[in-house]
Protein chains: 2
Amino acid sequence: MDSELALKTWFRMLSNTALIEHELRTLFVSEFKVTLPQFDLMAALHYAGGSEKMSALSKWMKVSNGNITGVVDRLERDGLVERQPLPEDRRVKIISLTEAGAEVFERMARRHKEWISGLLAEISEENLEQLHLQLVQVSKTIKRNIQ
Amino acid sequence: MDSELALKTWFRMLSNTALIEHELRTLFVSEFKVTLPQFDLMAALHYAGGSEKMSALSKWMKVSNGNITGVVDRLERDGLVERQPLPEDRRVKIISLTEAGAEVFERMARRHKEWISGLLAEISEENLEQLHLQLVQVSKTIKRNIQ
DNA sequence: CACTAATATTTCATACATGAAATATCAAGC
DNA sequence: GCTTGATATTTCATGTATGAAATATTAGTG
C-alpha cells in the first residue's frame, strides 16, 4: 500500500474541507450573524422535529456536553432557541427552536444548500455520484479501523 | 445539477474528515502530548527547512496572526520551538525547531504517516488514485467558485 | 529630516472545543 | 426510607480560532 498516496489524499481531503468550511462560516456570519456550530445545532433540532434534550444533541453532534451548554447559551441569548424543563425528570432540559429560530433556520438551510451546490457546480452529476460512493466506502473503512 | 447529491457528498466529506481528525488528535496527544495545530506548525517549520517568520507561518497555515502567536507561545513553553530576533529587521521574529523539537517531529511525522495509511489501509491502490484525482478536481472547482 | 504608509507581531474580546470535576436528580435494592 | 450508583447538565482550566485594535519598526516621500 502506497502510504505517500494515502497521505496526499488525506491532505487534499482536509484542505478541501477547510476551504469549504471557511467559506460557509464567512457566508453564515455575514448573511445571518450565526456561526457554523450554531447552525449545526439548529439543524440538529430541526431534524429531531423541533426539540431535543441537551445530552441527545451532544451525542448527535459528536461534541462534548460542555460544548453544547455554551452554544445553547449563546443561541438562547440571541432568542433562537429556548430551554424548557421536563416535569417528569428535573435533570433534563429540553431545547427547542423558538418561532424566530425556526423562521431563520428555514432561510439558512435554503441558502446553505445553494452555497454548497454553487461551490460544486461544475462537477458533473456522474463524477459527483462516483465521488459520493467512494466517500461512503472511505467512511466504512475508517470506522472499521478506528473501533 | 442535483443539489441534494452535492449536499450529501459534502456531508460525507465533512464527517470523514472529522472522524480522521478526531482520531489523529487522540493519537498525537496520547503518544506525544502534542496537539494537532502544534504538529501542523512544526510540520510547516520542517518543510520550510527548519525556520520561518511568524507572518509566513500564518499565511502558509491559513490562520490568523493572533492564532500563530498562541500556538508558538505554547510550543516555546514546551521547548519544541524558539523565537529569535532578525537583526536587520527588528519587527520580525524567526521561529525555529529546537534540537528536541526536530527530534520529536521526526518521530511524529513517521507515526502520522503510519496512522493515515493504517486508517485507509483496505482501499485499493486504484480506488485511492481515483479518489485523489477527483479531490484535486474538486479543489480546483471550489477555488474557482470562491475567489 | 519629519511625516506618512506599510509591515510584523502581540493583545484583546468573543466563540468553539475538550475532558474532568461539581451539582442535581433519579432509580434500585436492601 | 437510605445508601449507592447512574444519568443530566453546568462549570472549570486549557487550547484553538477569528478579526480588530494596539505597538513597534521600517520604508518611502516631500
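Sequence lines set the chain letters: A, B, ... in the order given, protein chains first and strands last, and positions in each chain run from 1. Computed over heavy atoms, backbone and side chain alike; hydrogens, waters and symmetry mates excluded.
Of the two residues near DNA chain D, A/K59 and A/R25, the one whose nearest nucleotide lies more 5' is A/K59. Take the nearest nucleotide of DNA chain D for B/D78 and for A/H22: the residue whose nucleotide is more 5' is B/D78. Closest-nucleotide positions on DNA chain C for B/K53 and B/G70 were compared, and the one nearer the 5' end corresponds to B/K53.
Distance CG (B/L86) to P (D/dA24): 19 Å, rounded to an integer number of Å. Taking atom CZ on B/R74 and atom P on D/dT14, their separation rounds to 12 Å, with Å as the unit. Distance, A/D73 CG to D/dC12 C1': 14 Å, rounded to whole Å. As rounded to whole Å, 12 Å separates atom C1' of D/dA13 from atom CZ of B/R77. Put simply, CD on A/E21 is 18 Å from P on D/dT16, counting in whole angstrom units. Rounded to whole Å, atom P of D/dT25 lies 5 Å from atom CZ of B/R90.
A salt bridge is absent between B/E122 and A/K140: the closest approach of a Lys/Arg side-chain nitrogen to an acidic carboxylate oxygen does not fall below 4.0 angstrom. A salt bridge links A/R107 to A/E103: one of the charged nitrogens lies within less than 4.0 Å of a carboxylate oxygen.
Summarising the base pairing, C/dA5 is matched to no nucleotide, lacking a Watson-Crick or G-U wobble pair whose two defining distances lie under 3.5 Å. Using N1 to N3 plus N6-O4 or O6-N4 for Watson-Crick, or N1-O2 and O6-N3 for G-U wobble, each under 3.5 Å, C/dA22 pairs with D/dT9.
Classification of C/dA22 as anti follows from a glycosidic angle more than 90° from 0.
Just one of A/I68, A/T69, A/N67, A/D73 meets the side chain to side chain contact (heavy atoms under 4.5 Å, CB included) condition when paired with A/V71; it is A/N67.
Remark: B/N67 is not in phosphate contact with D/dT16, judged by side-chain N or O atoms under 4.0 Å from OP1 or OP2.
Of the residues in residues 35-46 of chain B, those lying under 4.0 Å from DNA chain D by heavy-atom distance are B/T35, B/P37, B/Q38.
Side chains of A/R12 and B/S139: a donor on one and an acceptor on the other come within 3.5 Å.
Using a 4.0 Å heavy-atom distance criterion, B/N65 is classed as a base contact. As judged by a 4.0 angstrom heavy-atom cut-off over every strand, A/S55 is placed among residues touching the sugar-phosphate backbone only.
Side-chain atoms of A/D2 never come within 3.5 Å of backbone atoms of B/E125 as a donor-acceptor pair (strictly under, hydrogens ignored). Looking at B/T98, its side chain does come within 3.5 Å of a backbone N or O of B/G79 through a donor-acceptor pair.
B/F11 and A/W115 fall within the same hydrophobic cluster, defined by Ile, Leu, Val, Met, Phe, Trp and Tyr side-chain heavy atoms under 4.5 Å apart, directly or through other members.
Protein chain B contacts DNA chain C from C/dA6 to C/dT11, reading 5' to 3' and using non-hydrogen atoms of the protein with a distance under 4.0 Å.
Between A/F105 and A/F39, the angle of the ring planes stays under 30°, which puts this pair in the parallel group of the 30/60° scheme.
The distance from the CZ atom of A/F28 to the CD atom of A/Q38 is 11.0 Å, given to the nearest 0.5 Å. If you take NZ on B/K59 and CG on B/L57, they are separated by 11.5 Å, rounding to the nearest 0.5 Å.
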